[in-house]
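To keep things clear, I will list the structure first and then write my remarks on it.
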Amino acid sequence: MGRVSSLSLSRPAVARHGWAQAFGAVLAGLVAMGVVAALGLWAAGAAELPDNAFPRVVAATVVTAVGGTVELSGNAGWLAESDAGLTVIPLSVTLAGALVLAAGFLRPLRHRAVAGAGELAGWAARIAVLWLLALLGLSFAARKTFSLSLGDLGEDALSDLGDLFGISLRVGFTTNVPATAFFGLLWLAGVLVLALLVSRGAPLPGRLLRFQESVRPAAYAMVVLLLAYVGLGVVIGLVVAATRGHPADTFAVILLGMPNLVWLALTIGLGATWNGRVDGPFGLPMPHVLDEVLRGRETAELNLGTLADHDGRVWWLVAVDAVLLLAAAFVMAKRSPARMRSWQHAVHMAVALALTVLMICLVGRIDTHHGLSVLGIGDLGGGLSGELFLRPEVWTAVGLALLWGLLAGFLGGLPARPARHRGQVTEAPPGDGAHGPGR
């Protein structure tokens, strides 16, 4: 008994992370995404879709939030054909799922310094298997075809044709299952790896411990930066909803696409340029100045200069970027070892910010279009067709992020030098062997 007790006391308590815990983490992530998507779509008016299509639309939104592909289709028999496409990631839903899944992944790994690579891989594999099954279920649920009157398109002539021939428009959506499975698993891998990089309390395999001093503080600072922008955007959105009317539309933006807007603003404040176009009934959500710049041109540039031509307050984006980047650099330096030099802070911040901006450029793209031809007569235009796309100049944005990161990392690390660093060992007074790490 004495030997068993001594062995049990010498081993740290390890939380279980088997199939039940993996199921709980996956279920919690899906519920979070589903709730955010449902509330956002309800605020946007999707609950009024015919044929009880709302739950299917919620499933499709969750699929697109993890990088899955939803394909649109439609026709009116021999009378008309439609062509439509949609590529946009509702990043509010994505963020909600990522935060909950990361928390569920990290929870059983608390209070440990080191974990074997096999153990971490096994724990991640359990979550991945259940996540894949959930993605397949969502992919088959996110399919729906329903009928609309041609008069619902707002064109009297089409309404008359539909009444004359007894034809209604059938529109629908379906998912590309292989693409959804691939990108969904890739998204999950990114979330789990980022969770390990960001969390100071998460264990790493022994071979990777030497990288945590340079990688973890920078990764944590970038997550704080992105969440700070989202928080700031939510506050501004709530103020807009309370003072300018149309609260449902504003809440739809908050619950579906707030990161899409504020992370776009982050890159524009750094000096990046996005190319885009708005045509037809499509429109970008608040602020309205985005729509003004992009509408009516074949391809328009969206940057500080073009936005300032419509609203001079856009220059505040530069100031907000500067303040929040310096704060993020300070946080990074504060969590880094005291022996880290200023130029090292600058390099770490530059690399981290460049990778963050690259991620924003990849997930922040928008490409959507629709058109309708009747009796084989091309695209009718007017209210029956439209196009909206927004694409970044990627490498210019990444280069600017490197420059901003170098400057912010160097300056932000200076005030952190005299501050005490967690884990820094102070010199013990003579004769005092009990003096431990300073905090």
Side-chain angles (χ1 to χ4, degrees), residues 40 43-45 64 85-95 226 228-241 243-321 324 356-357 359-370 383 385-394 396-397 400-401:
T64 58
L86 175 65
T87 302
V88 60
I89 300 178
L91 289 178
S92 292
V93 181
T94 304
L95 182 61
L226 294 177
Y229 267 93
V230 173
L232 183 60
V234 170
V235 171
I236 294 174
L238 293 176
V239 172
V240 169
T243 58
R244 298 188 180 181
H246 305 289
D249 294 340
T250 304
F251 280 112
V253 172
I254 292 174
L255 292 167
L256 293 176
M258 181 54 70
N260 299 70
L261 288 175
V262 295
W263 295 347
L264 170 68
L266 163 62
T267 63
I268 291 177
L270 297 178
T273 295
W274 293 64
N275 298 312
R277 182 188 183 198
V278 173
D279 181 50
F282 293 127
L284 288 170
M286 62 175 192
H288 185 62
V289 65
L290 298 180
D291 191 86
E292 292 179 345
V293 172
L294 297 178
R295 187 173 293 278
R297 297 173 176 84
E298 189 67 27
T299 299
E301 291 186 345
L302 188 68
N303 53 38
L304 286 170
T306 57
L307 288 171
D309 291 338
H310 293 78
D311 191 339
R313 292 174 297 179
V314 72
W315 291 108
W316 280 102
L317 292 178
V318 181
V320 172
D321 274 9
L324 292 183
T356 300
V357 168
M359 180 273 297
I360 295 173
C361 291
L362 294 177
V363 303
R365 298 165 178 259
I366 299 175
D367 193 351
T368 180
H369 68 276
H370 78 82
S385 66
E387 181 181 23
L388 187 159
F389 69 86
L390 192 60
R391 303 167 191 144
E393 295 182 4
V394 177
T396 301
L400 289 167

Using modelled atom types only, decide if a donor and an acceptor are shared between the side chain of Asn260 and the backbone of Ile89 within a distance under 3.5 Å. yes
Say you draw a straight line from [atom1] of [X] to [atom2] of [Y]; how long is it, rounded to the nearest 0.5 Å?
{"X": "Ile254", "Y": "Asp249", "atom1": "CD1", "atom2": "CG", "answer": "11.5 Å"}
{"X": "Leu91", "Y": "Leu261", "atom1": "CG", "atom2": "CG", "answer": "9.5 Å"}
{"X": "Leu302", "Y": "Leu264", "atom1": "CG", "atom2": "CG", "answer": "6.0 Å"}

CA sep, side-chain torsions, deciding dist, call: Leu290, Leu307, side-chain contact (heavy atoms from CB on, under 4.5 Å): CA-CA 7 Å; Leu290 298 180; Leu307 288 171; 3.9 Å; yes
Taking all non-hydrogen atoms of both residues into account, name the closest pair between [X] and [Y] and its distance.
{"X": "Gly40", "Y": "Ala252", "result": "O-CB, 3.7 Å"}
{"X": "Trp274", "Y": "Ile360", "result": "CH2-O, 4.0 Å"}
{"X": "Leu304", "Y": "Gly269", "result": "CD1-O, 4.2 Å"}

Using a 4.5 Å cut-off on heavy atoms from C-beta on, say whether the side chain of [Y] contacts that of [X].
{"X": "Ser92", "Y": "Leu255", "value": "no"}
{"X": "Leu400", "Y": "Glu393", "value": "no"}
{"X": "Phe251", "Y": "Leu238", "value": "yes"}
{"X": "Val320", "Y": "Leu232", "value": "yes"}

Apply the test side-chain contact (heavy atoms from CB on, under 4.5 Å) to residues Asn275 and Glu301: give CA-CA distance (whole Å), side-chain angles for both, the deciding distance (0.1 Å), then the verdict. CA-CA 5 Å; Asn275 298 312; Glu301 291 186 345; 3.5 Å; yes
Stepwise, does the side-chain contact (heavy atoms from CB on, under 4.5 Å) test hold for Trp263 with Val357? CA-CA 9 Å; Trp263 295 347; Val357 168; over 6 Å; no
Quick one: which residue pairs count as a side chain to side chain donor-acceptor pair (under 3.5 Å) with a foot in residues 302-312, not counting sequence neighbours?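 For residues 302-312, and leaving out neighbouring residues, the side chain to side chain donor-acceptor pair (under 3.5 Å) pairs sorted by first residue read Thr273-Asn303, Asn303-Thr306, Asp311-Arg313.
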